[in-house]
Amino acid sequence: MHMADALLSPAVGGTMWAAAAAATVYCSAKVRQSLDDRKVPLMGVLAAFVFAAQMINFTIPGTGSSGHLGGGLMLAILLGPPAAFLAIASVLTVQALFFADGGLLALGCNIINLGIFPCFIAYPLIYKRIVGSHPTRARLLTGSLIAAIVGLQMGAFAVVTETTLSGVSSLPFSSFVVLMQPIHLAIGIVEGLVTAGVISFIWQARPEILEKAATDQPIGILPIGKILVIMAALTVLIGGLLSWYASEHPDGLEWSMFKVSGQEELETREGLHKDLAGVQEQTALMPDYGFKKSAAGDSGRLGTSVAGLVGGLLVLLLGVVIGLVLKKRGAGGHDHSHPHDHDHSHPNHHH
Amino acid sequence: MSTKIDRAFYDIGHLDILAEADTPLHRLDPRAKLLTTAVFVVCVVSFGKYEIAGLLPFFLYPAVVIGLAELPLSFLLRKLLLVSPFVIFIGIFNPWLDREVMVQLGPVGISGGWVSFASLLLRFSLTVGAALLLIATTGFGTICMALEQLGAPRVFTVQLLLLYRYLFVLIAESIRMMRAQSLRSFNAKGRISYRVFLQMLGNLLLRTIDRAQRIHMAMLSRAFTGEIRIVRQFSFGYKEACFLAGFGGLFLCLRLTDLTALLGSLVLGITG
Amino acid sequence: MSHHIVEVKDLKFHYPDQTPALRGVSFQIRHGESVAIVGANGAGKSTLLLHLNGYLTPTDGQVRIGDYQLTPETVREVRRTVGMVFQDPDDQLFMSTVFDDVAFGPLNLGFTPEDVTARVEKALATVGVSHLKNRPPHRLSTGQKRRVAIASVLSMSPDILVMDEPSAGLDPRARTQLIELLKSFEHTKIIATHDLDMVVDLCERTIVMHDGLVSADGPTMEIFSDDKLLAASCLEKPLRMQGCPICRCKG
């Protein structure tokens with residue numbers, strides 16, 4: 001599932017963006033180094049394939065619902081980790097821009113959640129170990145299933161963590177986990193089955209494609225280690241900068257940073273099993289969170305917020321008027337400016 | 001059955017066409033629009049959980065952009081609606097979990113949960129809307145160029161361009177495939193079984209890999225040496241600086257000062 | 001230097017699975033000649049074309065383009081001399097705008113941005129699609145795509161144009177216009193095609209391939225008049241050389 005801007009705080013979103021950017025730069029350098037120029041078109045076209053393939057659905061027997069390919073693990077198998085990571089990142093970028101899946105700030109989270117786990121953990125540490133260089137049908141199936149499930153569980157867990165750290169949703173961490181992980185277990189099983197099916201199809205039809213891919217990218221322990229170190233360093237750096245910024249500028253930012261710094265506490269307290277009450281108790285300790293309690297009682301604050309609402313609405317109204325005026329004027333002046341729009345609205349439709 | 005895929009296809013094409021228009025906003029250097037959008041998104045999401053009033057003025061930006069760039073509002077709203085389920089799914093728990101009354105409007109008490117849910121929906125519309133506006137006024141290829149000039153690695157931006165280019169080709173191919181499948185499947189209403197699905201996907205994948213090879217051939221025959229080069233001159237001039245500074249400044253101002261409350265109390269003061 | 005611009009000598013090629021695709025092909029082409037390569041599916045036409053720009057390396061035999069013997073060292077020069085237009089323009093046009101695509105070759109050859117722009121504009125004007133400069137390729141008609149594909153090699157100013165099925169998938173009007181366009185070029189042309197009527201219009205000479213070998217090589221009209229040869233190579237006479245279907249008289 002895609003992370004969304006609306007659920008994110010700038011601190012979490014910014015940190016994940018920085019991590020995603022670092023991983024992208026690293027993988028780009030790796031791909032450039034590999035000097036295999038066949039990969040240039042292959043990556044782009046396979047990314048487009050994942051997109052097209054996601055639009056074909058099959059019916060899951062007995063449930064009436066439908067499944068489709070996610071594609072992360074499959075790209076890793078066909079391209080090797082760094083190239084696959086870039087392909088996934090490009091798919092997510094297009095989704096963010098054209099299908100408004102998530103949004104621009106959440107793109108960083110999505111690239112990490114859906115790119116790093118399948119490419120740098122599920123594929124090299126699980127799939128490759130199980131399938132090896134002489135795949136059999138059973139190994140392919142087991143490897144794909146476990147790798148896909150693990151990859152998606154980690155991704156889902158990351159979504160939960162990012163959302164909780166951002167603090168926009170009131171959903172407590174534990175309930176959120178209970179909600180997300182089983183859904184993603186189902187998605188992971190479907191993903192694993194589809195990946196295994198497609199890869200075995202390719203294996204039977206054109207084994208040389210997979211042989212090439214398998215021998216192509218020797219990924220040692222060093223690169224993964226390096227990536228993790230770089231990402232950890234960046235996370236600390238940016239987290240630190242943002243929390244410094246937050247302490248200078250109280251309110252939304254500060255609130256979310258309290259959550260970030262409260263993370264240690266959360267973990268050391270074996271806090272994964274905390275229930276609703278526990279989380280509320282914890283959050284109530286934070287000074288700014290008390291806003292909602294004081295707001296109702298404190299007429300001064302309420303007064304401000306009513307005034308704020310009125311002012312906000314006024315500005316909004318002004319904006320709509322400006323927009324309408326601009327649009328009217330534009331429509332009158334530029335009516336003939338794009339004459340080809342109508343006859344070429346979708347030339348690729350072959351009736 | 002293939003209406004969903006047809007629709008998605010049409011939507012991308014439509015955004016593409018919108019981006020080809022020639023308005024002052026379209027002519028602006030893409031970097032200015034990209035950075036302004038970034039400032040906008042960060043300002044919007046940095047508001048507190050229960051903020052509503054402060055978010056409203058931010059609709060100024062989409063209104064101005066839609067007006068300046070002559071974009072169809074209904075199309076953008078429909079796209080927004082289409083992607084809202086996940087946010088609603090997560091956000092709807094807020095009113096349920098956070099029931100403490102926060103605002104008392106006469107006899108009706110509004111709980112903090114509903115306030116934060118409303119705030120969430122506003123954020124969602126603003127941020128996703130901003131992304132859609134960016135693409136509709138700039139075009140994907142141009143955004144990729146801008147990303148590269150802002151420091152994104154060439155390997156990655158080339159990926160984006162290739163993905164975008166072949167998206168259309170491959171979606172058209174999969175539409176043809178699904179049509180052929182549905183014309184010959186008489187049993188169920190366009191349902192695709194797992195076995196058939198795998199065959200279709202596998203075949204599409206093989207064709208795709210072959211296509212990559214032919215593209216590579218075409219690249220080589222035009223002196224490709226592993227690096228894709230592009231000439232593109234953008235000029236970040238006075239107009240761009242004004243746009244970025246103007247809107248960026250406005251967003252920061254709206255974020256950091258309580259301008260709206262000031263304005264509101266002024267009006268309330270006059271009328272009351 | 002000989003006066004032949006293309007010289008293929010006893011060219012043999014096996015695919016990795018040992019299927020022979022070319023079994024000893026030889027021919028020579030002079031400057032400015034326009035030559036058709038015809039033959040049934042699987043006769044080896046496309047494989048032959050891929051040797052002319054060095055994409056495939058001969059199993060045995062030689063290919064010489066201009067002054068260069070085709071070797072891994074000269075392949076770059078050869079590719080500059082030979083402009084290759086592939087069958088599916090969607091494979092050939094891989095960049096996101098028409099301009100970028102036509103600029104791809106010249107940029108790789110190391111021209112300055114100004115030179116590149118000039119070359120692109122000239123190539124687009126030559127094929128009559130200057131107005132499409134900023135369009136993404138996916139929003140072009142097949143005829144327009146084909147023209148842009150030709151422009152994308154013209155911008156490298158090749159001496160030889162090699163084309164695989166240039167008229168495939170075009171509507172009749174676009175096909176006629178394309179033939180007129182190709183006629184106006186002074187390049188040496190090598191065209192592999194099933195469109196024998198186009199061959200009559202464009203090529204004075206025809207090479208017939210069958211089963212990985214050249215089964216005939218000569219003036220186009222002579223070859224197309226040889227019923228026995230055409231039948232043996234799984235070909236049929238161009239429509240305009242067949243009798244009129246209504247009055248049954250010989251054309």
Side-chain angles (χ1 to χ4, degrees), chain B residues 9-10 12-22 26-27 138-145 148 154 157-173 207-234, chain C residues 46 49-50 52-56 75-117 119-120 134-140 145 149 152-156 158 162 164:
Chain B
F9 195 32
Y10 169 77
I12 309 182
H14 196 68
L15 278 170
D16 228 25
I17 291 162
L18 291 177
E20 265 177 42
D22 190 27
H26 283 86
R27 283 192 290 271
T138 313
F140 189 72
T142 320
I143 291 180
C144 292
M145 297 291 133
E148 188 179 313
R154 165 65 56 89
T157 52
V158 163
Q159 273 329 286
L160 286 171
L161 290 174
L162 281 171
L163 159 62
Y164 188 57
R165 168 71 183 92
Y166 285 98
L167 195 59
F168 295 92
V169 177
L170 292 186
I171 291 181
E173 207 159 317
R207 287 192 211 169
T208 305
I209 291 171
D210 287 342
R211 185 181 290 280
Q213 198 190 353
R214 294 197 302 270
I215 296 167
H216 183 233
M217 229 165 0
M219 288 176 163
L220 285 181
S221 65
R222 286 194 272 152
F224 177 61
T225 50
E227 174 129 22
I228 289 191
R229 298 175 179 83
I230 298 165
V231 271
R232 188 60 54 84
Q233 47 290 60
F234 294 130
Chain C
S46 297
L49 294 196
L50 291 178
L52 297 182
N53 77 342
Y55 184 78
L56 294 178
V75 74
R76 214 176 134 76
E77 281 307 319
V78 165
R79 283 177 184 160
R80 191 185 165 153
T81 316
V82 178
M84 186 100 175
V85 182
F86 288 87
Q87 181 172 355
D88 183 350
D90 276 330
D91 296 338
Q92 177 127 16
L93 306 177
F94 43 79
M95 299 295 283
S96 53
T97 67
V98 166
F99 181 94
D100 286 343
D101 224 297
V102 181
F104 183 82
L107 281 170
N108 285 333
L109 293 176
F111 291 104
T112 63
E114 295 75 36
D115 284 350
V116 170
T117 311
R119 278 171 172 263
V120 172
N134 294 318
R135 279 275 186 94
H138 62 261
R139 305 226 353 262
L140 301 176
K145 279 183 192 167
S152 75
V153 302
L154 286 185
S155 62
M156 296 167 59
V162 176
D164 196 356

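Below, chains carry the letters A, B, ... as their sequence lines are ordered, and counting in each starts from 1.
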Point to revise | Considering all heavy atoms, the nearest C:Phe86-B:Ala218 contact | key: CE1-CA, 3.5 Å
Review point. Is it the side chain or the backbone of B:Phe140 that comes within 4.5 Å of chain C heavy atoms, both, or neither?
Key: neither
Exercise for review: Find the one option among C:Pro113, C:Ser96, C:Ser152 whose heavy-atom pairs under 4.5 Å with chain B are most numerous.
Suggested key: C:Ser152
Review point. Knowing that exactly one of B:Ile215, B:Leu161, B:Val158 qualifies, which makes a side chain to side chain contact (heavy atoms under 4.5 Å, CB included) with C:Phe94?
Key: B:Ile215
Study note, to complete from the structure: On a heavy-atom basis, the closest approach of B:Arg165 and C:Leu93 is NE-O, 2.6 Å
Review point. Is any side-chain heavy atom of C:Asp91 closer than 4.5 Å to a side-chain heavy atom of B:Met217?
Key: no
Check your understanding: Where does C:Arg80 contact chain B at under 4.5 Å (heavy atoms): side chain, backbone, both or neither?
Key -> neither
Check your understanding: Is there a donor-acceptor pair closer than 3.5 Å between any side-chain N or O of B:Arg222 and the backbone N or O of C:Gln92?
Key -> yes
Point to revise | Which portion of C:Asp88 sits near chain B, non-hydrogen atoms under 4.5 angstrom | key: side chain
Check your understanding: Once you round to the nearest 0.5 Å, how far does CG of C:Leu50 lie from OG of B:Ser221?
Key -> 9.5 Å
Check your understanding: What's the spacing between B:Ile228 CD1 and C:Phe104 CZ if we round to 0.5 Å?
Key -> 5.0 Å
Point to revise | Residue among C:Val116, C:Asn134, C:Leu107 with most heavy-atom pairs under 4.5 Å to chain B | key: C:Leu107
Check your understanding: Would you say the side-chain atoms of B:Arg214 pair up with the backbone N or O of C:Gln87, donor to acceptor, closer than 3.5 Å?
Key -> no
Point to revise | Close side-chain approach of B:Glu20 to C:Pro136, heavy-atom, < 4.5 Å | key: yes
Study note, to complete from the structure: Greatest number of non-hydrogen atom pairs under 4.5 angstrom with chain B, of C:Pro106, C:Pro137, C:Ala103, C:Gly105, falls to C:Pro137
Exercise for review: Measure the shortest side-chain to side-chain distance between C:Arg139 and B:Phe168 over non-hydrogen atoms and say whether it is less than 4.5 angstrom.
Suggested key: no
**Study point:** C:Met95/B:Ile230 under side-chain contact (heavy atoms from CB on, under 4.5 Å): CA gap, chis, key distance, verdict
**Key:** CA-CA 9 Å; C:Met95 299 295 283; B:Ile230 298 165; 3.6 Å; yes
Review point. What residue, out of B:Leu220, B:Leu162, B:Asp16, B:Thr225, has the most heavy-atom pairs lying under 4.5 Å from chain C?
Key: B:Leu220
Study note, to complete from the structure: Of the listed C:Asn53, C:Thr97, C:Asp100, C:Asp90, the one with the largest count of heavy-atom pairs under 4.5 Å with chain B is C:Asp90
Review point. Can you check whether C:Asn108 reaches B:Arg229 side chain to side chain, under 4.5 Å on heavy atoms?
Key: yes
